[in-house]
Every structure is written in structure tokens, then in C-alpha cells.
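Since this is a predicted model, take the numbers as computed values, not measurements.
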Amino acid sequence: MAVADLMAIVDYISDDNPDAAQALKEDIEAKTSRLRENPRLYRIGRVEGTREMVVRSNYLVFYAEDARTVTILRVLHAAQQWPQA
């Protein structure tokens with residue numbers, strides 16, 4: 001789901017500004033790749049068992065972590081709500 005979220009965001013932005021879309025994608029990928037070293041760097045999520053990373057001012061990455069892995073759950077624009085009923 002998170003990969004589809006990211007690709008939808010990039011596709012939407014690239015309609016108007018392909019360079020900005022690529023820069024956002026790279027920023028999200030860079031920040032999420034660092035979660036392995038420090039998964040508790042970001043705030044506790046609104047959904048139990050998750051954490052939330054703010055990427056720039058309008059994009060959020062929701063993830064879960066345990067002793068061995070970090071799982072990216074969703075990548076959303078701040079105007080979108082998660083979880084959706």
C-alpha cells in the first residue's frame with residue numbers, strides 16, 4: 001500500500017512539476033531508509049502501534065517497528081486521513 005501511495009503522490013505532482021515530484025520521492029526514500037538505524041526518531045502515531053514521520057510540511061509516512069523490522073504502512077498527504085473507515 002505504501003508504494004502505491006508514494007507513486008500516486010509522485011504521479012499527481014509530476015503533472016505540474018516533474019522535478020518537484022522526483023525531489024519529494026527522493027526525500028521520502030532517503031528519510032525512510034534511515035529508519036532502520038533509529039526507528040523511534042519520530043512521534044508515536046495516532047493509530048496504536050504506529051509512528052508518524054513528517055516529510056516536509058504536507059506529507060506523512062506512517063510506519064510500525066518491532067525488534068527486527070520497520071514496516072512502512074502508508075505515505076499520505078496531510079489532507080488525507082488514515083486509517084480510513
(request) Flag yes if more than 12 heavy atoms outside Leu41 fall under 6.0 Å of its CG atom; otherwise flag no. (result)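 Counting neighbours around CG of Leu41, more than 12 heavy atoms of other residues, nucleotides or ligands fall under 6.0 Å, so yes.
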(message) Within the supplied structure, the quantity of interest is the number of heavy atoms (other residues, nucleotides, ligands) at a distance under 6.0 Å from Glu37 CD; does it exceed 12?
(response)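 More than 12 heavy atoms, drawn from other residues, nucleotides or ligands, come within 6.0 Å of this atom.
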(request) Report the C-alpha separation of Leu60 and Val75 in whole Å, then their side-chain angles, then the decisive distance to 0.1 Å, and conclude whether the side chain to side chain contact (heavy atoms under 4.5 Å, CB included) test is met. (result) CA-CA 6 Å; Leu60 301 168; Val75 179; over 6 Å; no
(request) Using the test ring-ring contact (aromatic ring centres under 6.0 Å, His included), find all partners of Tyr42 that sit at least two apart in sequence or belong to another chain. (result)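 Scan of Tyr42 (ring-ring contact (aromatic ring centres under 6.0 Å, His included), adjacent residues dropped) gives none.
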Quick check: closest heavy atoms across [X] and [Y], and the distance to 0.1 Å?
X     : Y     : answer
Lys31 : Met53 : CB-SD, 3.6 Å
Ile9  : His77 : CD1-N, 4.2 Å
Ser14 : Ala21 : N-CB, 3.6 Å

(message) Within this structure, what is the CD1-CG distance for the pair Ile28 and Asp5, rounded to the nearest 0.5 Å?
(response)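 That separation rounds to 10.0 Å.
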Between [X] and [Y], is any pair of side-chain heavy atoms under 4.5 Å apart?
X     : Y     : answer
Arg51 : Ile44 : yes
Lys25 : Met7  : yes
Leu24 : Ile13 : yes

For residues 62-70, run the donor-acceptor check on the side chains, cut-off 3.5 Å, and write out each pair with its distance to 0.1 Å, sequence neighbours left out.
residue : atom : partner : partner atom : Å
Tyr63   : OH   : Pro39   : O            : 2.6
Glu65   : OE2  : Arg40   : NE           : 3.0
Asp66   : OD1  : Arg68   : N            : 2.8
Asp66   : OD1  : Thr69   : N            : 2.8
Asp66   : OD1  : Thr69   : OG1          : 3.2

